[in-house]
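Along the sequence shown, residues carry numbers from 1.
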Amino acid sequence: MKKKLQIIGIAWMWSLSIYAGGLVTNTNQNVAFLRNPAREASMEIDAAYTNPAGLAFLNKDGLFFSLNNQSAFQKRTITVDFAPFAGFGGDAEKKFEGKATAWAVPNLQAAYKIGKWVFSANLGVVGGGGTVDFKSGLPSFESLVAIAPVFLNGALSTTNYGGYTLESQLKGSSITYGAQLGATYRIVEHFSAYAGLRYNYVDNSYKGHVRNVELGMNGGLIPAAAILSSFNGTPAAALLTALIGDKELNFKESGSGVAPIIGLDYHWNGLNIGAKYEFKSSVTLKNKTVVNTTGLKHYDDGETTPYGIPALLAAGVQYDIIPQLTVSASYHHFFDSDAKMANNKQKFIHGGINEYLAGVEYRINDLFLVSCGTQFTRTGITDDYQTDMNFSLNSYSLGIGGAINVTKNIRINLAYFFTNYDDWTKKIADYGNINSLSTVIPATPGTDIFGRTNQSFGIGLDFRF
């Protein structure tokens, strides 16, 4: 039973990212990214995040600001084929849906250029964002209840139990706030370098429950409390409590860490090449627990969990084919397999996450420009990494938008960004490893199909003084 309780605990682990980037990293720190994600060779104000060394080639000395807001809407689906689910509605296949909404995610970028020096800052949500609500809970929650009639019929050598009802819900958020400061220096005419630091503060919250379980018996429904009381003092009592007892969890976890960042940039005529490396940030999260009736010490007040923010290597190139037309390409590699995670999940990531990006920008005239781009994300995770609370999928994204130069010092950016994810099918020989609980319960296979969609809208204002 101890093994099963550990599995229940894993189900409560949360990882949410509703923006572009790695498992816990957001790379869309400016609306310019949404309309053209290949920004690693940018020489505009958004380079304060994407290519800080490129700030050396801003078009004039002075103060630059960029204020942005992005809104993102994501839907997660987990379609499960598990025979015992037929006891709750008559169908072994069931779809669990979670919706994440983030209406307002602001970001500020600033740079001050004076001669060969540029001092810059980036403030924003650099990981996670928004809140996901699974109004019907998760399959890992319900599978315990679904298997209870099978266990009872086997333990009692009867077929009186059949069917069940329950109330289940999970709502959670995961947000990493980042404050980055650094300096860029133009070493020679065509070459510059950057050094800086980012302070990361992680703030996660979880609230969920499984309660009011009832099992069908002889055409009626029997509350879980009545069933548990009838088994008091028997070897089956503890196991039944794990399966059908009420469970509630309400806690927050937070922690912080610092990541050094370095960057280089080469600029010559219409060609620009940029690169940066963000070092790993080791974060330890500490619990502040309101309620924990899961029976798991891991969620008690004051307990700690590792939450490593992986290193990131990013590089890009852009080239002006003609003065009005610029093409760009970028590459991201997240070293997720080297970042310490809860339950050592990093060992199920082979080589980390890779992203390939491309874009094009056309300046119609002094007033308007339009741009578009794409991003392909290829994950290095394995089946063992994927759970209903934490899964990663291959995807492709499309972004489109434009900018309006309201005055020579003020520009408005508008953009739309859509991501389509490839479904991931995971076949499980013993769903939830339920057979580890008792030889009375036969191994029960199941299948999880993970899916996701995401779309973002953004508006930003750039100021030059």
Side-chain angles (χ1 to χ4, degrees), residues 19-20 27-52 54-72 106-111 113 118 122 265-274 316-331 355-376 396-420 455-465:
Y19 298 102
T27 53
N28 50 328
Q29 294 296 299
N30 191 288
V31 173
F33 173 97
L34 298 184
R35 60 181 175 82
N36 173 14
R39 304 295 299 179
E40 272 59 41
S42 172
M43 296 179 292
E44 299 182 355
I45 182 58
D46 69 295
Y49 174 79
T50 57
N51 180 33
L55 292 172
F57 302 104
L58 287 168
N59 58 10
K60 66 175 184 178
D61 284 1
L63 186 61
F64 296 74
F65 280 101
S66 184
L67 300 173
N68 299 267
N69 183 69
Q70 299 177 50
S71 301
N107 174 272
L108 168 66
Q109 290 163 337
K113 184 176 184 292
V118 184
N122 180 79
D265 190 89
Y266 175 78
H267 178 62
W268 181 75
N269 289 340
L271 174 68
N272 197 66
I273 302 172
V317 58
Q318 70 175 33
Y319 181 68
D320 295 335
I321 297 177
I322 57 175
Q324 295 81 22
L325 181 64
T326 301
V327 293
S328 56
S330 299
Y331 169 72
E355 292 182 334
Y356 310 90
L357 311 94
V360 60
E361 181 173 284
Y362 182 70
R363 291 167 287 281
I364 300 171
N365 51 38
D366 291 340
L367 187 60
F368 298 104
L369 70 82
V370 292
S371 62
C372 63
T374 186
Q375 171 179 292
F376 292 87
Y396 70 85
S397 302
L398 298 173
I400 189 169
I404 305 171
N405 293 314
V406 180
T407 71
K408 67 177 183 178
N409 294 324
I410 300 175
R411 182 170 75 172
I412 299 175
N413 289 292
L414 299 167
Y416 170 73
F417 190 80
F418 170 80
T419 301
N420 185 73
Q455 57 182 332
S456 303
F457 303 86
I459 182 170
L461 289 173
D462 296 343
F463 302 90
R464 293 166 284 183
F465 301 99

(Q) Is the shortest side-chain heavy-atom distance between Phe463 and Leu63 below 4.5 Å? (A) no

Q.
Taking the side chain as everything from C-beta on, heavy atoms only, tell me whether Leu271 gets closer than 4.5 Å to Val317.
A. yes

Q | Side chains of Gln324 and Leu369 in contact at under 4.5 Å (non-hydrogen atoms) | A | no

(Q) Would you say CG of Asp366 has more than 12 non-hydrogen atoms from neighbouring residues, nucleotides or ligands within 6.0 angstrom? (A) no

Q: For residues Gly359 and Ala38, report the shortest heavy-atom separation together with the two atoms involved.
A: N-CB, 3.9 Å

Q: Decide yes or no for Ile321 and Val327: does some side-chain heavy atom of the first lie under 4.5 Å from some side-chain heavy atom of the second?
A: yes

Q: Report yes if the distance between the aromatic ring centroids of Tyr416 and Phe457 is under 6.0 Å, otherwise no.
A: yes

Q. When rounded to the nearest 0.5 angstrom, what is the spacing between CG in Leu108 and CZ in Phe65?
A. 6.5 Å

**Q.** Where Leu357 and Pro37 come nearest, the two heavy atoms and their spacing
**A.** CD2-O, 3.5 Å

Q. Side chain to side chain contact (heavy atoms under 4.5 Å, CB included) between Phe368 and Ile404: does it pass, once the steps are laid out?
A. CA-CA 5 Å; Phe368 298 104; Ile404 305 171; 3.9 Å; yes

Q | Worked verdict on Asp462 versus Ser66 for side chain to side chain donor-acceptor pair (under 3.5 Å) | A | CA-CA 4 Å; Asp462 296 343; Ser66 184; 2.7 Å; yes

**Q.** Identified side chain to side chain contact (heavy atoms under 4.5 Å, CB included) counterpart of Tyr49 within the set Asn28, Asn107, Asn30, Thr27
**A.** Thr27

Q. Is it true that Arg464 and Glu44 have a side-chain N and a carboxylate O under 4.0 angstrom from each other?
A. no

(Q) Which heavy atom of Ser397 sits nearest to which heavy atom of Thr419, and what is that distance? (A) OG-OG1, 2.8 Å

**Q.** Nearest-0.5 Å distance, NZ of residue Lys60 to CZ of residue Phe465
**A.** 9.5 Å

Q) Should Val360 and Cys372 count as side-chain neighbours, where that means a heavy-atom distance under 4.5 Å? A) yes

Q: Quick one: closest heavy-atom pair of Val118 and Ala111, and the distance?
A: CG1-CB, 4.0 Å

Q: Begin from the C-alpha positions of Leu34 and Gln70 and carry the test side chain to side chain contact (heavy atoms under 4.5 Å, CB included) through to its verdict.
A: CA-CA 9 Å; Leu34 298 184; Gln70 299 177 50; 3.6 Å; yes

Q. Would you find a donor on one side and an acceptor on the other, under 3.5 Å apart, between the side chain of Asn413 and the backbone of Ala403?
A. no

Q. Quick one: does Asn365's side chain have a donor or acceptor within less than 3.5 Å of a partner on Leu367's backbone?
A. yes

Q) Is any side-chain heavy atom of Leu55 less than 4.5 Å from a side-chain heavy atom of Met43? A) no

**Q.** Gap separating the CG atom of Leu58 from the NZ atom of Lys113, nearest 0.5 angstrom
**A.** 6.5 Å

Q) Asn51 and Asp265: side chain to side chain contact (heavy atoms under 4.5 Å, CB included), yes or no, with the steps? A) CA-CA 8 Å; Asn51 180 33; Asp265 190 89; 2.8 Å; yes

Q: Can you see which heavy atom on Ser328 is nearest to which on Gln318, and at what distance?
A: CB-CB, 3.8 Å

Q.
Show the nearest heavy-atom pair for residues Ala48 and Gln109, with the distance to one decimal.
A. CB-CB, 4.1 Å

Q) With a 4.5 Å heavy-atom cut-off, do Leu461 and Ile412 have their side chains touching? A) yes

Q.
Once rounded to the nearest 0.5 Å, what's the spacing between atom OH of Tyr362 and atom OG1 of Thr326?
A. 11.5 Å

Q. Roughly how far, to the nearest 0.5 Å, is the CG atom of Asn272 from the CD atom of Glu40?
A. 12.0 Å

Q: Compare all side-chain heavy atoms of Asn69 with those of Val31 and state whether any distance is below 4.5 angstrom.
A: no

Q: Hey, could you give me the OG/CG distance between Ser371 and Leu325, rounded to the nearest 0.5 Å?
A: 11.5 Å

